[in-house]
K.L.:
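So that we are looking at the same thing, I have put the structure below in structure tokens.
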Amino acid sequence: MTDFEAQLRAVSLRVTRPRLAVLTALHDHPHVDTETVIALVRAEHPTVSHQTIYDVLRALTDTGLVRRIQPAGATARYESRVGDNHHHVVCRTCGAIADVDCAVGHTPCLTASDDHGFVIDQAEVVYWGTCPDCAATTRTSH
């Protein structure tokens with residue numbers, strides 16, 4: 001049994017070829033949008049419908065096996081890295097996204113100035129900037 005099969009069974013989802021294909025695509029290509037997931041899955045399994053992939057993404061997100069992120073002004077993206085409180089850095093130029101581990105030790109991101117009575121268990125931080133490739137292109141074009 002693969003890790004993906006065990007993950008599906010652990011959240012009471014049947015192991016199906018489309019679910020395994022979506023998990024594989026997201027593991028191999030983190031931070032991709034729905035259309036990219038469809039293209040990746042259909043490259044290996046051409047008979048899987050768009051609707052099936054949408055349904056799989058919803059089921060995987062609902063059960064916590066996949067995380068949906070949507071930085072401001074960007075298309076929703078999906079990733080299979082779940083279970084930790086990591087953040088993201090987004091390139092303002094090309095939209096590339098990379099993971100940023102949460103601060104270790106004292107976690108200032110979980111200490112709100114006013115929690116309004118909420119019990120906070122996760123913080124979502126998005127860093128914005130320019131990726132190395134876009135920064136290099138900008139430097140060489142001037």
Side-chain angles (χ1 to χ4, degrees), residues 2-141:
T2 68
D3 284 346
F4 295 145
E5 290 173 350
Q7 289 174 13
L8 290 167
R9 287 190 173 102
V11 296
S12 301
L13 288 176
R14 281 190 357 265
V15 175
T16 64
R17 200 171 8 192
R19 287 176 178 159
L20 292 173
V22 169
L23 283 170
T24 300
L26 294 176
H27 180 266
D28 294 345
H29 305 275
H31 311 121
V32 292
D33 62 17
T34 306
E35 294 306 313
T36 303
V37 174
I38 290 169
L40 291 166
V41 170
R42 295 195 74 197
E44 297 292 321
H45 307 282
T47 60
V48 176
S49 72
H50 285 62
Q51 188 59 53
T52 296
I53 296 169
Y54 285 116
D55 293 345
V56 167
L57 285 169
R58 187 176 314 106
L60 295 177
T61 302
D62 289 349
T63 58
L65 291 180
V66 166
R67 182 175 173 195
R68 181 182 185 271
I69 60 170
Q70 188 166 8
T75 304
R77 309 285 184 101
Y78 295 89
E79 65 180 348
S80 60
R81 181 178 171 183
V82 296
D84 67 348
N85 189 27
H86 72 278
H87 308 300
H88 297 96
V89 60
V90 181
C91 179
R92 291 184 189 278
T93 305
C94 70
I97 299 176
D99 290 335
V100 177
D101 289 335
C102 190
V104 294
H106 175 68
T107 52
C109 57
L110 290 181
T111 307
S113 59
D114 183 352
D115 63 19
H116 299 277
F118 285 68
V119 176
I120 297 173
D121 62 9
Q122 180 178 347
E124 187 170 310
V125 176
V126 177
Y127 301 96
W128 294 89
T130 306
C131 73
D133 290 342
C134 290
T137 302
T138 302
R139 282 194 299 272
T140 59
S141 66

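Note that this is a predicted model, so its numbers are computed, not measured.
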K.L.:
For the atom pair NE2 (His45) and OG1 (Thr52), what is the distance rounded to the nearest 0.5 Å?
P.N.:
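Between atom NE2 of His45 and atom OG1 of Thr52 there are 12.5 Å.
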K.L.:
Looking at every heavy atom in both Arg19 and Leu60, which two are closest together, and how far apart are they?
P.N.:
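Scanning both residues completely, I find the closest heavy atoms to be O-CD1, 4.5 Å.
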K.L.:
Quick check: do Ile97 and Pro71 have side-chain heavy atoms less than 4.5 Å from each other?
P.N.:
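Contact flag for Ile97/Pro71 side chains = yes.
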K.L.:
Does Arg81 have more than 12 heavy atoms from other residues, nucleotides or ligands lying within 6.0 Å of its CZ?
P.N.:
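More than 12 within 6.0 Å, yes.
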K.L.:
Tell me whether Arg67 is salt-bridged to Asp84, with the criterion being a basic N under 4.0 Å from an acidic carboxylate O.
P.N.:
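Salt bridge between Arg67 and Asp84, a charged N being under 4.0 Å from a carboxylate O: no.
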K.L.:
Before you tell me yes or no, could you show the steps for Gln7 and Asp3 under side-chain hydrogen bond (donor to acceptor under 3.5 Å, both in side chains), namely the whole-Å CA-CA distance, both residues' side-chain angles and the distance that decides it to 0.1 Å?
P.N.:
CA-CA 6 Å; Gln7 289 174 13; Asp3 284 346; 5.7 Å; no
K.L.:
Please report the interatomic distance CH2(Trp128) to NE2(His88), rounded to the nearest 0.5 Å.
P.N.:
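So the CH2 of Trp128 and the NE2 of His88 are separated by 11.5 Å.
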K.L.:
If I compare all heavy atoms of Gly95 with all of Val90, which pair ends up nearest, and what's the gap?
P.N.:
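The answer is O-CG1, 4.3 Å.
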K.L.:
Could you tell me which non-hydrogen atom of Ile69 sits nearest to which non-hydrogen atom of His31, and how far apart they are?
P.N.:
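Looking at all heavy atoms of both residues, the shortest contact is CD1-CD2, 3.9 Å.
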K.L.:
Supply the atom-to-atom distance Leu8 CG to Leu65 CG, rounded to the nearest 0.5 angstrom.
P.N.:
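CG of Leu65 is found 6.0 Å from CG of Leu8.
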K.L.:
To the nearest 0.5 angstrom, please state how far the CG atom of Asp33 sits from the CZ atom of Arg68.
P.N.:
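Between atom CG of Asp33 and atom CZ of Arg68 there are 11.0 Å.
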K.L.:
Check Val22, Leu26, Thr24 against Ser80 for a side chain to side chain contact (heavy atoms under 4.5 Å, CB included) and give me the one that passes.
P.N.:
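With Ser80 as partner, Val22, Leu26, Thr24 yield a single side chain to side chain contact (heavy atoms under 4.5 Å, CB included), made by Leu26.
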K.L.:
Which atom pair, heavy atoms only, marks the closest approach of Cys131 to Cys91?
P.N.:
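Smallest heavy-atom distance, with atoms named: N-SG, 3.2 Å.
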K.L.:
Val82 and Val66: which non-hydrogen atoms are nearest, and at how many Å?
P.N.:
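Scanning both residues completely, I find the closest heavy atoms to be CG1-C, 3.8 Å.
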K.L.:
Students often mix this up, so state it plainly: with edges at 30° and 60°, are the rings of His50 and Tyr54 parallel, tilted or perpendicular?
P.N.:
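His50 and Tyr54: tilted rings.
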K.L.:
Which value, rounded to the nearest 0.5 Å, describes the distance between Leu13 atom CG and Leu23 atom CG?
P.N.:
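Result: 9.0 Å between the selected atoms.
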K.L.:
Out of curiosity, Leu40 CG to Ile53 CD1, how far, rounded to the nearest 0.5 Å?
P.N.:
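So the gap between those two atoms works out to 9.0 Å.
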K.L.:
Is the backbone of Ala39 close enough, under 3.5 Å, to the side chain of Glu35 for a donor and an acceptor to pair up by distance?
P.N.:
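No; zero donor-acceptor contacts below 3.5 Å.
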K.L.:
Quick check on Glu44: does its CD atom have over 12 non-hydrogen neighbours (other residues, nucleotides or ligands) under 6.0 Å away?
P.N.:
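It does not: Glu44 CD has 12 such atoms or fewer within range.
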